[in-house]
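What follows is a short report on a single structure.
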Amino acid sequence: MCRGVLNSMKPSQSEKRIRSQWDKKKIYEPDIAKAKRPFYNLMMFPYPSAEGLHIGGVRTFTGIDMYGRFKRMQGYDVFEPIGLDGFGIHSENYAMKIKAHPMRLAGKTEKRFYEQLAVIGNGFAWNERLETYDPDYYKWTQWIFIQLYKNGLAYRKKALVNWCPSCLTVLSDEQVVSGECERCGTAVVKKDLEQWFFRITKYAERMLRNLDTIDWSENIKMAQRNWIGKSDGAEIDFKILGAKERIRVFTTRPDTLFGATYMVLAPEHPLVSALEEKIENRAEVSRYVRDAKKKSEMERTREEKEKTGVLLRGVKALNPANGEGIPVFIADYVLAGYGTGAIMAVPAHDKRDFQFANQFKLPIRMVVCPHYPEKTCPVLDTAYEGQGHLVDSGKFNGMKSEDAKKEITGFVGGTLKTTYRLRDWLISRQRYWGPPIPMIHCERCGIVPVPEKDLPVKLPFIKDFQPKGKGESPLASLKSFYQVKCPQCKGKARRETDVSDTFLDSAWYFFRYLDIKNKKNIFDATRVKKWLPVDMYIGGAEHSVLHLLYTRFITMVLKDIGLISFEEPFKKFRAHGLITKDGAKMSKSKGNVVSPDAYFSKYGADVMRMYLAFLAPLSEGGDFRDAGISGITRFLLRVRKLFKTFDKNKKSSPNLQKVVHRSIKKVTEDLESLRYNTAISQLMIFLSEMEKSEEVAKDNIIIFLKLLAPFAPFAAEELWQKLNGKKIVPSIHTSEWPTYDPRYLEDSTYVLVIQVNGKIRDQVDVPMVISQKDVEALVETREKIKPWIFGKKIKKIIFVPKKLINIVV
RNA sequence: GCCGAGGUGGCGAAAUUGGCAGACGCACUGGCUUCAGGUGCCAGCGAUCGCAAGAUCAUAGGAGUUCGAGUCUCCUCCUCGGCACCA
């Protein structure tokens, strides 16, 4: 019989029929302008680069859809839009790989993705979909770029930047993962180039501070804190003997200044050339500088490696604390991009300086002692980086190191200073497939933004779109594109030919969904106010310091320029776990990528949704195994079987009330906290109880189907319709979510556990309300307990009502 | 090295405030049923000892607090993720 049910109709067919009913009724299209109880339910939109949707992506999408369906049934106007992040280097690289043109490929991947996304059973608001490569979309990406420029937050600067030799473009710091290109894994090299930057560093403190106010997964907040990397310290100037220049250093330990026995400049430090005349070993120094430039980030930062460096002969600095002349080195363990690019080296209290000092036989002077006031400090075999009292520090001797920070900084005329590890967002890319940066370089007027009325600057079709690697975008070879007149002086000018980073496209897309038809103003105040910030956002932890960082920055900027009234885009964000296959991360190179297509057509969306949800909590990830799917298949077959056999004329059954109300409570709570696995467990228990019962009534089935609806939207809808007769009924997904009555949750009796010395020896049914005295009397009569307490003195009795009694002898 | 999350049966995992460890599912075993071939039903299923009743042990390892610890404290080990020569 059950076999018959399955064979009668392929799951995909009946699901398709139900989908078209949903489309007709438009139950997933809230009225954006007029919604009464708006709820913005969002998932990170996919980039259609690879061979289609990934099973992990499907788990995320269906996962948040369960939440959206739950909220919709609770009476919210749920808005769950979908779009494609199709612009950018990832899509372009994929196009190159399969030897296609990204502009032509976009249409194909778009179609394929939307087809795949249609079958997973999500309540998407299809009418609002967007693609970042649509000129109507990137017009606004460009517009935002111009606003940043007008507000001094976009600028051009020559700097040492990350260059991917394989993608042939510069990258932001966030796109370099342990020295490798985030996209292709190639080791990144440093190049000195003039590029466009966004002044994200101006927002470092605010982004850090706000983390305490938003409800986000803790691991993401931690990653952002690490990335922003705040450290409090001081800037102190060191004079150079016989020169007017000074060496400014940043240090978090100004208290150790008396222990600074040498200084180090980064090889790229401007003083290296400024002091050239004084440097006696010029040849050696410039050789070191040249070599340092050639090294990749990876080589430079390998931990085990010996430190290298060159003494600047003829240069002596003065320690401002004690007037001592100290040598100055250049070494690549000091980074040009952090602090001031120069350090005072205190080998006794910094392990890197300690290592360097030992290699170069430099004095190590201890100035912070952990054993104060003992006169003798231990001979160090490693740097002491902790706190203590100052020694060998002139008038500061005996002072607590923590207090000495401020004192010594003041003593030498330094300033307390906070530094951040975060660096400005390098936004330009020497690639084709992105929004052209809307700027014009005029010989007379300098940089002039494209007038807003001329937006979008359309990306022209170029047959040869491949990156050339000459530090220019392929657009630089198209004269009709770059040759323009200056909007200000009408003189000869050249259009910027770089495109912007794909992460700018995705930094603001949640605004666009709200006003997809509007071409005049994407920040319509009433809509923005009604729907934003996003109520619930779900996505991958890999975007901790990419998308999730940039989008916070852009939102803050939009607030500061008066377009919106909030500064955090997502009230609540939850990171989902990673789906593995046989314990390994899925990747094309391993050949273990699970494509959802075959599974969805074989088992149907309901089974796949529930299987992926049942694996583990959404935040956890899990291993994809075919074997586990059968449990869910069986469950849904049992649901259908029960549905056929229950007595439709019976209205209600008192004996099932307990499991009904428990299930409502459990499923409601678990949906709210995204613990779908235990919600589904409860549905299984609910079903088993009904199967065992002789008197399943219509009311029980109604509640069961409603609780099932977020997880298996098709089966729930189909059975709901059958339950309500043949005529058209409102969808179960817009029906009211059930509430539980606490009266049904408790029994009149419970099983009391009887322990002796903390070990369970017996159990007994007792009334819900029973006095300790009565329990004690009862326990004494229990045959199983007698031998354990016979002839022993009872020392103590612990009675926990509704739980247990423990007799200590 | 620093920061974060973890470590529970053969497997995925459950376990409000400390109170019956292993819910639910997979796999497995035995039985029933069906036309024998991926999907029905019933039962069993942490380990050890035992015919059984039951006992003992068991939540990475060790110590501690407690009548009682997967849960709290301290130490050690391991896994995953982030940062990493950041001064």
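What you see is a predicted model; the values in this text were computed from it and never measured. Reminder, nothing fancy here: chain letters follow the sequence lines and each chain counts from 1.
Not one side-chain nitrogen or oxygen of A/Arg634 sits closer than 4.0 Å to the OP1 or OP2 atom of B/rC24.
In this structure, A/Phe614 has its ring center at least 6.0 angstrom away from the ring center of A/Phe635.
Here B/rC74 sits opposite B/rG62 as a Watson-Crick or G-U wobble pair (both hydrogen-bonding atom distances under 3.5 Å). When both distances must be under 3.5 Å, the Watson-Crick or G-U wobble mate of B/rC20 does not exist. In this structure B/rC28 sits in a base pair with B/rG44, meeting the Watson-Crick or G-U test at under 3.5 Å. Taking a pair to require two hydrogen-bonding distances under 3.5 Å in either a Watson-Crick or a G-U wobble arrangement, B/rA69 remains unpaired. Nucleotide B/rG4 forms a pair with B/rC80, judged by Watson-Crick or G-U wobble geometry with both contacts under 3.5 Å.
Within 4.0 Å (heavy atoms only), A/Ile798 reaches at least one base atom of the nucleic acid. A/Arg225 comes within 4.0 angstrom of nothing in the nucleic acid, heavy atoms only.
Taking both residues in full, the closest heavy atoms of A/Ala575 and A/Ile220 are given as CB-CD1, 4.0 Å, listed atom of the first, atom of the second, then distance.
Glycosidic conformation of B/rG9 is syn; the angle stays within 90° of 0.
Separating the P atom of B/rA84 from that of B/rC3 is a span of 16 Å, rounded to the nearest Å. B/rC45 and B/rU39 are spaced 22 Å apart, taking the C1' atom of each and rounding to whole Å. When the C1' atom is used for both B/rA15 and B/rU59, the distance is 11 Å, rounded to whole Å. The gap from the C1' atom of B/rG38 to that of B/rG50 amounts to 40 Å, rounded to the nearest Å.
In this structure, A/Asp762 atom CG and B/rG19 atom P are separated by 21 Å, rounded to whole Å. The nearest whole Å value for the distance from the CD atom in A/Glu235 to the P atom in B/rA87 is 13 Å. Rounded to a whole Å, the CD1 atom of A/Ile760 is 17 Å from the P atom of B/rA53. Protein atom NZ of A/Lys351 is 5 Å distant from nucleotide atom C1' of B/rG1, rounded to whole Å. Between the P atom of B/rC3 and the CD1 atom of A/Ile220 lies a distance of 19 Å, rounded to the nearest Å. Distance, A/Leu548 CG to B/rG82 C1': 14 Å, rounded to whole Å. Here B/rG81 presents its P atom at 19 Å from CD of A/Glu218, a figure rounded to the nearest Å. Following rounding to the nearest Å, A/Asp255 (CG) and B/rA87 (P) show an atom-to-atom distance of 14 Å.
Atom CG of A/Asp353 is separated from atom CE of A/Met263 by 11.0 Å, given to the nearest 0.5 angstrom.
In terms of polar N and O atoms assigned as donor or acceptor, the side chain of A/Lys641 never comes within less than 3.5 Å of the base of B/rU39 in a complementary pairing.
For A/Arg421, the side-chain atoms get nearest to B/rA84 when compared with the rest of B/rA84, B/rC20, B/rA13. Counting only heavy atoms from C-beta on, A/Tyr333 has its side chain closest to B/rC85 among B/rC20, B/rA23, B/rC85.
In this pair, A/Tyr384 and A/His349 present their aromatic rings perpendicular. The plane angle is above 60°, beyond the 30 to 60° band.
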